[in-house]
Amino acid sequence: MSELSFVTFCVEYYAEHTNQPSEKVYELFKKEKVLDMLRDDYDDLHGMSMEYMMQLIDWYLGEKKTDSHALIKATLIPEIVRMISEKYNISEEEAMDEFYASGTAEALSDSETGLYGQSALFIFGLFCEEKAE
């Protein structure tokens, strides 16, 4: 999916998600810099589910329709575990054990940190830094 297609898809899907006209959502995205965020983080976001994207945009706009970020974390963690497995040449089960035993996982579980709003690649980087220490 091209960056343009992705951004347009997010605008249209968010319009449906919030029951607003597309043009109103587009202007909101422009004003609140959601368009910039979608473009800047395109490589990390374009493969995410639309349910995740809607929660991310809600969070980004400060609307927080839900206090639970379980879906977002459930989307991020498998990708992080896969990257750990590949980088350290260990099984996914071992990678999951290492991740969940880390301070990075603890910080991700704490909604106050806002870490759930970061990309899997960013969180993976934090994990690698922690492991190097």
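Residues take their numbers from the sequence shown, with the count starting at 1. Small disclaimer: the values here were computed from a predicted structure and weren't measured.
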Test side-chain hydrogen bond (donor to acceptor under 3.5 Å, both in side chains) on Glu94 and Ser91; report intermediate values, then the result.
CA-CA 5 Å; Glu94 291 170 308; Ser91 72; 3.2 Å; yes
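- Between the CD1 atom of Ile123 and the CG atom of Leu115 there is a distance of 4.5 Å, given to the nearest 0.5 Å.
- The aromatic rings of Trp59 and Tyr116 sit perpendicular to each other, their planes meeting at more than 60°, with 30° as the lower class boundary.
- Counting all heavy atoms, side chain and backbone alike, Val11 lies closest to Val25 at O-CG1, 3.7 Å.
- Side-chain N/O atoms of Asp41 and His46 include no donor and acceptor closer than 3.5 Å.
- Both cation-pi conditions hold for Lys131 and Tyr88: the charged atom is under 6.0 angstrom from the six-membered ring centre and inside a 45 degree cone around its axis.
- In this structure, Leu38 and Phe9 have side chains that are not in contact, with every pair of non-hydrogen atoms separated by 4.5 Å or more.
- For Asp110, the CG atom sits in a packed shell: over 12 heavy atoms of surrounding residues, nucleotides or ligands are nearer than 6.0 Å.
- A salt bridge between Lys31 and Glu27 is absent, with no side-chain N of the basic residue lying under 4.0 Å from a carboxylate O of the acidic one.
- Considering every non-hydrogen atom in both Tyr52 and Gln118, the closest pair reads OH-O, 4.2 Å.
- Here the CD1-CZ distance, from Ile77 to Arg82, works out to 14.5 Å after rounding to the nearest 0.5 Å.
- In terms of heavy atoms, Glu32 sits closest to Tyr60 at O-CE2, 3.4 Å.
- Residues Glu130 and Thr104 bring a donor and an acceptor atom of their side chains to less than 3.5 Å of each other.
- In this structure, Lys33 has no salt bridge (charged side-chain N to carboxylate O under 4.0 Å, His left out) partners at least two apart in sequence or on a different chain.
- Between Glu92 and Met96, the closest side-chain pair of non-hydrogen atoms is not below 4.5 Å.
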Verdict with supporting geometry, Glu51 and Ser49, side-chain hydrogen bond (donor to acceptor under 3.5 Å, both in side chains)
CA-CA 5 Å; Glu51 187 173 347; Ser49 72; 5.6 Å; no
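- Note that the CD atom of Glu98 and the OG atom of Ser85 stand 10.0 Å from one another [nearest 0.5 Å].
- A donor-acceptor contact shorter than 3.5 Å is absent between the side chain of Thr8 and the backbone of Ser5.
- From Lys87, atom NZ reaches atom CZ of Phe127 across 10.0 Å, with rounding to the nearest 0.5 Å.
- Nearest approach of Ala95 to Val81, heavy atoms of both residues: CB-O, 3.5 Å.
- The environment of Glu16 atom CD is sparse: at most 12 non-hydrogen atoms of other residues, nucleotides or ligands sit within 6.0 angstrom.
- Under the 4.5 Å side-chain criterion, counting only non-hydrogen atoms from C-beta, Phe6 is not in contact with Arg39.
- Nearest heavy atom pair, residue Cys10 against residue Met53, reads SG-CE, 4.1 Å.
- Note that NZ of Lys73 and OG of Ser109 are 5.0 Å apart. Values are rounded to the nearest 0.5 Å.
- Between the CD1 atom in Ile57 and the OH atom in Tyr13 there is a gap of 11.0 Å [rounded to 0.5 Å].
- Of the possible polar contacts, none joining the Ser22 side chain to the Ala15 backbone as a donor-acceptor pair under 3.5 Å is found.
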For His17 and Asp58, run side-chain contact (heavy atoms from CB on, under 4.5 Å): C-alpha distance rounded to whole Å, both residues' side-chain angles, the deciding distance at 0.1 Å, then the answer.
CA-CA 10 Å; His17 171 71; Asp58 284 340; 3.0 Å; yes
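- Side-chain contact check for Tyr14 versus Val34: every heavy-atom pair is 4.5 Å or farther apart.
- Of the options Leu76, Asp44, Leu45, a side chain to side chain contact (heavy atoms under 4.5 Å, CB included) to Ser119 is made by Asp44 and by none of the others.
- Closest approach of Glu79 to Ala120, counting heavy atoms only: CG-CB, 3.7 Å.
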